Amino acid sequence: MKLTKLQLEMLEGKHGYATQKSMEILSALGEIFEAEKMIPVTSVQIAGVSYANLGEPGLDWLSQMAKDGRVRVLTTLNPAGMDLENWRVLGIDPEFAKNQERVVNAFAKMDIITTCTCTPYLVGNLPHYGEHIAWAESSAVCFANSVIGAKTNREGGPSALAAALTGYTPEYGYHLDKNRQAHVATKVKASITGTAQFGTLGKVIGEILDSKVEWTIPYITGISKASTDELKAFCASIATYGGTALFHMEGLTPNKMRVPKKTLTVTESDLAEAEQELNEEDAEIDFVSIGCPHASLHEIRHIAELVEGKRVKKETWITTARPTKQVADRMGYTKIIEATGIKFACDTCCVVAPIKGRFTGLCTDSAKGCYYGQGRNKFQIKHCSLEECLQEAFIE
Ligand code: F3S
C-alpha cells in the first residue's frame with residue numbers, strides 16, 4: 001500500500017505512540033484487504049464502549065492509547081453499558097458503574113465526544129452524501145451508507161479508534177464505488193408501516209441475503225414511503241439478520257445503482273411468518289423497552305402523547321441519546337413520560353446494559369432488540385408496534 005509522507009511518519013512513531021499503533025492497525029488492515037492507499041475520513045463512530053464487552057484487557061489498551069492519543073476528526077461513541085448519570089435508578093451495580101466511567105474517561109481524554117449513541121446522525125455526527133467516514137455500529141453503518149449515502153465499512157472498535165486518531169482509513173470495501181452496486185432486486189409486495197413492521201421486513205430480507213453468499217446489497221422496490229424512524233429500524237434489523245451494510249430503496253435512498261437481473265419477492269405471508277418467529281407463545285413480559293436504535297425526538301414526543309396521565313405496571317425503558325433527551329426535557333416530554341413511571345436510559349440500551357437475569361420477557365418494537373434480547377440476554381420476546389408496547393407496559 002502506498003503511504004504519504006505524513007502517513008509514513010505516523011507509522012515511524014514521529015507523531016506519538018497512539019498514532020503509531022493506529023497506523024500499524026490501519027496498514028495491516030489495508031494489506032489484508034489489498035487497499036492501494038489510505039483516504040481521509042471526516043467522521044468516526046466507535047463501538048465496543050460497554051465495560052461488559054471490553055473488560056480489563058480492553059480498558060488497559062484504551063488507557064495506553066489515551067496517554068498521548070488525540071482524535072483528529074469528529075468522533076462519537078456507541079452506547080455504553082449504563083446511563084452515565086442515572087445508572088443507580090436503572091439498577092446498575094456500583095462496581096460496574098465505576099469501571100464504565102473509567103472507560104468513558106479514557107475516551108474523553110482522547111478528545112472523543114462522549115455522546116454514547118447508535119444514532120449519531122440524529123445528534124450532530126452527520127456526514128453528507130459521498131463523504132468517507134469510519135463508523136462501527138452496524139445499524140448506523142447501514143444508515144450512513146444507505147440512507148445518507150456516505151461511505152463506510154463496518155469498523156471494529158480498534159480500527160474505528162485508529163481512524164479517529166490518524167484521520168485515515170484504508171480504501172477498500174464500501175469506500176470504492178465498484179463495491180456499491182446491488183446484487184438482487186427485491187420486490188416487496190406488502191404494505192409496510194411503523195418501526196416494528198419495517199424491522200420485520202429487515203429480518204425477512206436480511207435472512208434471505210444471509211443465506212446467499214453472492215447477494216450482499218439489495219435493490220428494494222415496492223416501498224412508497226418511509227420515515228427516518230422507520231428507516232433506522234429497518235437498518236438495524238437488516239444489519240442484524242443479514243449483516244447488510246448497504247441497500248437501496250427505490251425512490252427513497254440516494255445511491256445510484258443499476259437494477260440487478262436476479263430477483264426475489266417478499267410477500268405478506270413471509271412477513272407474517274417472521275412476525276410469528278419474533279413472538280414467543282405465552283411470553284411472560286416483565287420488561288418493555290423502546291428505542292432500539294435510540295429513540296428520536298419525534299418518537300419521544302409521540303410516546304408523551306400516548307402515555308400522558310397513565311401509570312405503567314412493568315419496568316419500561318426508553319433508550320435514547322442524551323442530547324435528544326435534553327431537548328425532550330426542555331419541551332416537557334420527559335416530565336410527562338417520567339410521571340407514568342417510564343424510565344429514560346440515555347447513553348445505553350437494553351442490549352449492552354448488563355441486565356441478563358433481571359427480567360423474564362422483553363416486549364419491544366425492535367426486531368434487533370428481539371434478536372439480542374433472546375440470544376444474548378435469554379429473554380422471552382414479544383415484538384409489536386410502539387403503541388402496543390406501551391399498552392403492554394400498562395397491563396398488570
Ligand atoms: Fe442501538 Fe443498542 Fe439497538 S446499540 S441499535 S439500541 S442494540
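These numbers come from the heavy atoms of this one structure, side chains and all, not from hydrogens, waters or symmetry mates. Since the model is a prediction, treat every value here as computed from it, not as a measurement.
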Does the distance from a Lys or Arg side-chain N to an Asp or Glu carboxylate O, for [X] and [Y], drop under 4.0 Å?
X      : Y      : answer
Asp111 : Arg72  : no
Glu315 : Lys343 : yes
Asp329 : Lys335 : no
Asp286 : Lys314 : no
Glu24  : Lys21  : yes
Glu56  : Arg102 : yes
Lys225 : Glu230 : no

Check whether [X] reaches the backbone of [Y] with its side chain - one donor and one acceptor, N or O, closer than 3.5 Å.
X      : Y      : value
Thr263 : Lys261 : yes
Asp270 : Thr267 : yes
Arg376 : Tyr371 : no

Step by step, work out the salt bridge (Lys or Arg N to Asp or Glu O under 4.0 Å) result for Glu277 and Lys382.
-> CA-CA 9 Å; Glu277 288 165 14; Lys382 177 172 176 179; over 6 Å; no

Polar contact flag, side-chain donor to acceptor under 3.5 angstrom, [X]-[Y]:
X      : Y      : value
Thr76  : Asn125 : yes
Ser50  : Asn53  : no
Thr364 : Ser366 : no
Thr320 : His294 : no
Glu275 : His383 : yes
Asp365 : Ser385 : no
Asn145 : Arg180 : yes
Thr334 : Glu338 : no

Distance-only criterion, 3.5 Å: show the donor-acceptor pairs between side-chain atoms of residues 206-221 and protein atoms not counting sequence neighbours.
unit_1 : atom_1 : unit_2 : atom_2 : d
Glu207 : OE2    : Lys203 : NZ     : 2.9
Ser211 : OG     : Ile208 : O      : 2.6
Tyr219 : OH     : Glu250 : OE2    : 2.9

Which atom names give the shortest non-hydrogen contact between [X] and [Y], and what distance separates them?
X      : Y      : value
Leu165 : Gly69  : CD2-C, 3.7 Å
Thr186 : Val266 : CG2-CG2, 4.2 Å
Ile285 : Leu362 : CD1-O, 3.6 Å
Leu84  : Glu101 : O-OE2, 4.5 Å
Cys384 : Ala196 : O-CB, 3.5 Å
Met23  : Met38  : SD-CE, 3.7 Å

Check whether any side-chain heavy atom of [X] sits under 4.5 Å from a side-chain heavy atom of [Y], and report yes or no.
X      : Y      : value
Asp347 : Thr117 : no
Ile290 : Thr319 : no
Cys350 : Ile355 : yes
Leu390 : Val307 : yes
Thr228 : Ser296 : no
Pro354 : Asp93  : no
Ile223 : Phe198 : yes
Phe379 : Tyr372 : no

[X] [atom1] to [Y] [atom2] distance, which is reported to the nearest 0.5 Å:
X      : Y      : atom1 : atom2 : answer
Asp229 : Leu386 : CG    : CG    : 9.5 Å
Leu161 : Leu62  : CG    : CG    : 6.5 Å
His128 : Ser43  : NE2   : OG    : 10.5 Å
Trp61  : Leu54  : CH2   : CG    : 9.5 Å
Cys346 : Trp87  : SG    : CH2   : 16.0 Å
Arg258 : His183 : CZ    : NE2   : 10.0 Å

Name the orientation class of the two ring planes belonging to Phe247 and Phe234 (parallel below 30°, tilted from 30 to 60°, perpendicular beyond 60°).
-> perpendicular

Is the Tyr172 ring parallel, tilted or perpendicular to the Phe33 ring (thresholds 30°, 60°)?
->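 Rings of Tyr172 and Phe33: parallel, under 30°.
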
Counting only heavy atoms not in [X], do more than 12 fall under 6.0 Å of its [atom1]?
X      : atom1 : answer
Tyr241 : OH    : yes
Glu34  : CD    : no
Gln326 : CD    : yes

Would you sort out whether Gln45 and Glu155 count as a side chain to side chain donor-acceptor pair (under 3.5 Å), showing the intermediate values?
-> CA-CA 9 Å; Gln45 192 250 3; Glu155 301 294 342; over 6 Å; no

Give the cluster check for Ile133 versus Leu122: same hydrophobic cluster or not, with ILVMFWY residues linked at side-chain heavy-atom distances below 4.5 Å.
-> yes

Does Met82 share a hydrophobic cluster with Leu59, counting links as ILVMFWY side-chain heavy atoms below 4.5 Å and allowing steps through other members?
->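 In one cluster: yes.
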
Residues Lys151, Glu131; criterion salt bridge (Lys or Arg N to Asp or Glu O under 4.0 Å); working and verdict = CA-CA 6 Å; Lys151 297 175 181 180; Glu131 211 166 353; over 6 Å; no

Take Glu387 and His302 through the side chain to side chain donor-acceptor pair (under 3.5 Å) test and state the conclusion after the steps.
-> CA-CA 9 Å; Glu387 292 78 7; His302 183 48; 2.8 Å; yes

Would Lys310 count as a cation-pi partner of Phe394, with NZ or CZ less than 6.0 Å from the six-membered ring centre and within 45° of the ring normal?
->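 Judged by the rule (NZ or CZ under 6.0 Å from the ring centre, within 45° of its axis), Lys310 counts as positioned above Phe394.
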
Is it true that the NZ or CZ of Lys232 lies under 6.0 Å from the centre of Phe143's six-membered ring and within 45 degrees of the ring axis?
-> no

Are Trp317 and Phe287 close enough that their ring centers fall under 6.0 Å?
->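 Between Phe287 and Trp317, which both carry aromatic rings, the centre distance is below 6.0 Å.
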
Given salt bridge (Lys or Arg N to Asp or Glu O under 4.0 Å), test Arg322 with Glu85 step by step and report yes or no.
-> CA-CA 10 Å; Arg322 187 162 302 281; Glu85 292 175 12; 3.1 Å; yes

Candidate pair Ser63 and Asp60, rule side chain to side chain donor-acceptor pair (under 3.5 Å), full reasoning | CA-CA 5 Å; Ser63 308; Asp60 276 353; 5.3 Å; no

Have a look at Pro170 and tell me which of Asn153, Ile25, Leu29, Ile39 forms a side-chain contact (heavy atoms from CB on, under 4.5 Å) with it.
->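 When side-chain contact (heavy atoms from CB on, under 4.5 Å) is applied between Pro170 and each of Asn153, Ile25, Leu29, Ile39, only Leu29 qualifies.
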
